[in-house]
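As the structure is a prediction and not an experimental result, all values here were calculated from the model. All values below come from the heavy atoms of this structure, side chains included, with hydrogens, waters and symmetry mates left out. Labels below follow one simple rule: chain letters A, B, ... track the order of the sequence lines, proteins then strands, and each chain is numbered from 1.
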Amino acid sequence: MRIATWNVNSVNARLELLLRWLEESQPDVVCLQELKCVDEKFPSEPVEALGYNILVHGQKSYNGVALLSKYPMEEVRRGLPDGDEDTHSRYLEAIVEAPSPIRIASIYLPNGNPIGTEKFNYKLAWMERLRAHAAGLLALEEAVVLAGDFNVIPTPLDCDKPSNWVDDALFQPESRAAHRAIVNLGYTDAHLAVGAEPHAYTYWDYFRDAFENDRGIRIDHLLLSPQAADRLEASEVQRHVRGWERPSDHTPVMATLAD
DNA sequence: ATGGTAGACCTTCTA
């Protein structure tokens, strides 16, 4: 089973690329982030025509996450717990009814810039809510995949030049510690588990020829519960998609789990 | 050291 995550930076601006990528890569399950549209504006018809079931948790202009699956899906959660005052659409969780079922979440973690503001506080608070929920998921002893744009550079090996990122919310010690606190509950970073190269980036700025010069960061992650990690066979950053015309600033990451 | 690009959308916010 092939499971991918991709921050598309507007699903409607990226529709042509999304369809091309789905046909080319044939993922079974897809986590999308930054839809930048409400549910009704999601381009369901052309995606369904490729054989996907769709769950959308959209929002006007900003954020928005979706799940696509060639298997039937049952939505189990829209938004993290304790989110009465949280208006952002950043979390969507479902059970994928594959022969060996998988619980999967599409995650768009807050960016948090600039540091020292309410946005950074929101990021850290959101990460603590995610940590608490992720701990509960492990207690279920199921195959769980938390996939998405985590907006965290876990280590200096995950960026081109650490000094460029020291003032950025994505590389703050607090952000990295909060990320470690989630992973250390017992999740496996699929990229690290397959022994992939360091400096395998998933995001490059649109400006200053960042992609051409490979000045990027690895912030899109798939975190696997032990029951999912046992089935992990491969993990790949699909770098070539960032080189297509009118790309997202993120590129897809695809993990393969035994069926 | 700074400002560059992209997307949504009404002129500025977010990333």
Side-chain angles (χ1 to χ4, degrees), chain A residues 5-21 31-44 46-47 56-66 79 85-91 106-127 130 147-154 158-172 174-176 178-179 201-221 237 239-253:
Chain A
T5 180
W6 190 16
N7 178 324
V8 290
N9 187 17
S10 169
V11 69
N12 284 301
R14 220 63 62 208
L15 181 58
E16 211 172 305
L17 258 67
L18 175 64
L19 299 175
R20 177 180 167 188
W21 170 72
C31 300
L32 298 176
Q33 301 89 35
E34 274 209 272
L35 307 177
K36 292 186 169 181
C37 67
V38 293
D39 294 13
E40 303 75 53
K41 296 263 180 77
F42 187 94
S44 298
V47 174
V56 181
H57 182 29
Q59 183 182 330
K60 187 179 178 176
S61 303
Y62 306 116
N63 312 317
V65 289
E85 291 126 54
D86 190 352
T87 57
H88 296 194
S89 299
R90 299 181 174 276
Y91 187 91
S106 183
I107 292 172
Y108 180 45
L109 206 143
N111 175 295
N113 276 305
I115 58 174
T117 68
E118 203 43 54
K119 290 184 178 182
F120 189 61
N121 296 338
Y122 172 65
K123 179 191 187 107
L124 295 180
W126 203 94
M127 292 186 80
L130 177 60
D149 176 1
F150 281 73
N151 266 317
V152 175
I153 303 167
D158 299 308
C159 61
D160 56 310
K161 194 173 161 194
S163 61
N164 285 344
W165 298 95
V166 289
D167 294 326
D168 196 288
L170 281 61
F171 197 55
Q172 289 309 293
E174 296 94 328
S175 308
R176 292 168 57 192
H179 185 71
Y201 307 134
T202 65
Y203 166 94
W204 299 260
D205 263 327
Y206 281 122
F207 19 88
R208 294 181 296 177
D209 299 318
F211 181 62
E212 289 72 13
N213 294 296
D214 200 25
R215 290 194 292 261
I217 50 180
R218 188 176 75 90
I219 57 175
D220 298 272
H221 310 300
V237 178
R239 187 191 167 90
H240 69 284
V241 177
R242 182 62 175 79
W244 287 353
E245 198 172 338
R246 280 196 80 211
S248 168
D249 38 9
H250 296 250
T251 214
V253 183

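Nucleotide B:dT14 holds its P atom 10 Å from the CG atom of A:N63, rounded to whole Å. Between the C1' atom of B:dT14 and the CG atom of A:N111 lies a distance of 8 Å, rounded to the nearest Å. The NZ atom of A:K60 sits 15 Å away from the P atom of B:dT14 (whole-angstrom rounding). Between the CG atom of A:D249 and the C1' atom of B:dG7 there is a distance of 10 Å, rounded to whole Å. Between A:Y122 atom OH and B:dA15 atom C1' there is a gap of 14 Å when expressed in whole angstrom units. Atom-to-atom, CD of A:E34 to P of B:dG7 comes out at 11 Å; the value is rounded to the nearest Å. If you take NE2 of A:H250 and P of B:dT5, they are 18 Å apart, rounded to a whole angstrom. In this structure, the NE2 atom of A:H88 is 13 Å from the C1' atom of B:dA15, given to the nearest Å.
Taking only side-chain nitrogens and oxygens, A:R14 never comes nearer than 4.0 Å to OP1 or OP2 of B:dA6. Within the 4.0 Å cut-off from OP1 or OP2 of B:dA8, not a single side-chain nitrogen or oxygen of A:K41 is found.
Where A:S61 and A:N113 each meet DNA chain B at their nearest nucleotide, the meeting point lying more 5' is that of A:S61. With DNA chain B read from its 5' end, the first of the two nearest nucleotides for A:F207 and A:Y108 is the one closest to A:F207.
With P as the reference atom, B:dT2 and B:dA6 are 23 Å apart, rounded to whole Å. Using atom P as the reference point in both B:dG3 and B:dG7, the two lie 23 Å apart (nearest Å). On the C1' atoms, B:dG4 is 13 Å away from B:dA15, given to the nearest whole Å.
Here A:D158 pairs with A:R218 under the salt bridge (Lys or Arg N to Asp or Glu O under 4.0 Å) rule; sequence neighbours left out. Residues passing the side chain to side chain donor-acceptor pair (under 3.5 Å) test with A:R239, sequence neighbours excluded: A:D214. Residues forming a side chain to side chain contact (heavy atoms under 4.5 Å, CB included) with A:S89 (at least two apart in sequence, or on another chain): A:H57, A:Q59. With sequence neighbours excluded, no residue forms a side chain to side chain contact (heavy atoms under 4.5 Å, CB included) with A:E16. Considering only residues two or more places apart in sequence or on other chains, A:R14 meets the side chain to side chain donor-acceptor pair (under 3.5 Å) condition with none of them.
At distances below 3.5 Å, not a single donor-acceptor pair connects side-chain atoms of A:S175 with backbone N or O atoms of A:V152.
Two rings, from A:W6 and A:W21, have their centers less than 6.0 Å apart.
In the region residues 208-217 of chain A, proximity to DNA chain B at under 4.0 angstrom, judged on heavy atoms, holds for A:R208.
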